[in-house]
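Bear in mind that the values here come from a model prediction, so they are computed numbers and not experimental data.
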Amino acid sequence: MRTALLLAGLLATACGNAPAEPSTAFPMSGFYTGPLDGVGDEGTLDALMDLTVQEDQGRVSGAYFLRGRVTRGNQVATIVGEGTFTGTIFPGARPSLALTLSNPPCPDHPGELGGWFDPVAGGIQLGGLIQVRAPDCSLFASYQSWALLGR
């Protein structure tokens with residue numbers, strides 16, 4: 001009985017020395033991949049998205065690559081896109097994200113996605129409007145999209 005009380009006293013002391021605030025550092029840096037799906041007024045987006053993420057004190061940056069196909073009415077097109085992104089990760093149990101994606105062929109038309117990072121599962125969920133542009137940068141179609149990316 002005395003040993004159990006001593007052990008309980010040591011555990012209470014160890015727990016009392018723990019930091020009061022959770023860390024604001026997120027283990028988010030790494031490579032993520034997964035499906036990117038979308039729906040528009042005239043069709044669908046079905047793609048695979050890769051993100052290479054670097055995180056530093058609440059700022060994120062990196063590169064993206066996506067490939068897949070889109071439909072608009074009876075038209076079907078293969079899409080391939082790549083570029084860089086920057087953004088912010090906001091503190092919380094499930095930290096939220098705001099990303100701005102560059103569009104190298106059409107620099108005047110960046111993309112924006114929002115979502116969250118799941119530090120327990122190590123995944124990223126994103127959503128937002130994806131605009132697919134023609135080679136002359138005119139708008140081909142827009143899709144309300146969502147992605148679930150894992151390591």
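Partners of R94 by salt bridge (Lys or Arg N to Asp or Glu O under 4.0 Å), not counting sequence neighbours: none found. In this view, D37 satisfies the salt bridge (Lys or Arg N to Asp or Glu O under 4.0 Å) rule with no residue, not counting sequence neighbours. Applying the side-chain contact (heavy atoms from CB on, under 4.5 Å) test to D118 and every residue at least two apart in sequence or in another chain returns V120, A121. Evaluation of the side-chain hydrogen bond (donor to acceptor under 3.5 Å, both in side chains) rule for S61 yields no partner, not counting sequence neighbours. Not counting sequence neighbours, the partners of D136 by the side-chain contact (heavy atoms from CB on, under 4.5 Å) test are A134, S138. T33 pairs by the side-chain hydrogen bond (donor to acceptor under 3.5 Å, both in side chains) definition with D50, not counting sequence neighbours. Applying the side-chain hydrogen bond (donor to acceptor under 3.5 Å, both in side chains) rule to T71 yields the partners T44; only residues at least two apart in sequence or on another chain are considered.
Panel note: side chain S29, backbone E55; a donor-acceptor pair is recorded below 3.5 Å.
Closest approach of C137 to P105, counting heavy atoms only: SG-O, 3.4 Å. The two residues F90 and A98 come nearest to each other via the heavy atoms CE1-CB, 4.2 Å. Across L139 and Q131, no two heavy atoms sit closer than the pair CD1-CB, 3.6 Å.
When side chains are defined from C-beta on, V60 does not count as touching F117, because their heavy atoms never get closer than 4.5 Å. Residues T88 and L97 form no side-chain contact, since every pair of their non-hydrogen atoms from C-beta on lies 4.5 Å or further apart. Residues L48 and L36 fail the side-chain proximity criterion, which asks for heavy atoms closer than 4.5 Å.
Its side chain outside the 4.5 Å cluster rule for every partner, V76 clusters with none of the Ile, Leu, Val, Met, Phe, Trp and Tyr residues. Think of L129 as one node in a network of Ile, Leu, Val, Met, Phe, Trp and Tyr side chains linked at under 4.5 Å; it has no links at all.
Rounded to the nearest 0.5 angstrom, W116 CH2 and I89 CD1 are separated by 13.0 Å. Here the OH-CG distance, from Y64 to N103, works out to 5.0 Å after rounding to the nearest 0.5 Å.
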List the atom pairs, with distances to 0.1 Å, where a side-chain N or O of residues 108-115 and a protein N or O form a donor-acceptor pair under 3.5 Å, not counting sequence neighbours.
| from | atom 1 | to | atom 2 | distance (Å) |
| --- | --- | --- | --- | --- |
| H109 | ND1 | R133 | NH2 | 3.3 |

Which pairs would a plain distance check flag for residues 144-151, meaning a side-chain donor or acceptor within less than 3.5 Å of a matching protein atom at least two apart in sequence or in another chain?
| from | atom 1 | to | atom 2 | distance (Å) |
| --- | --- | --- | --- | --- |
| S145 | OG | Y143 | O | 3.1 |
| R151 | NE | Y32 | OH | 3.0 |
| R151 | NH2 | P27 | O | 2.4 |
| R151 | NH2 | M28 | O | 3.4 |
| R151 | NH2 | Y32 | OH | 2.6 |

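The side chain to side chain donor-acceptor pair (under 3.5 Å) analysis of residues 75-87, with sequence neighbours excluded, yields the pairs R72-Q75, T84-S102.
More than 12 heavy atoms of other shown residues, nucleotides or ligands fall within 6.0 angstrom of atom CZ in R67.
Criterion: ILVMFWY side-chain heavy atoms under 4.5 Å apart, direct or through other members. Under it, L66 and F140 are part of a common hydrophobic cluster.
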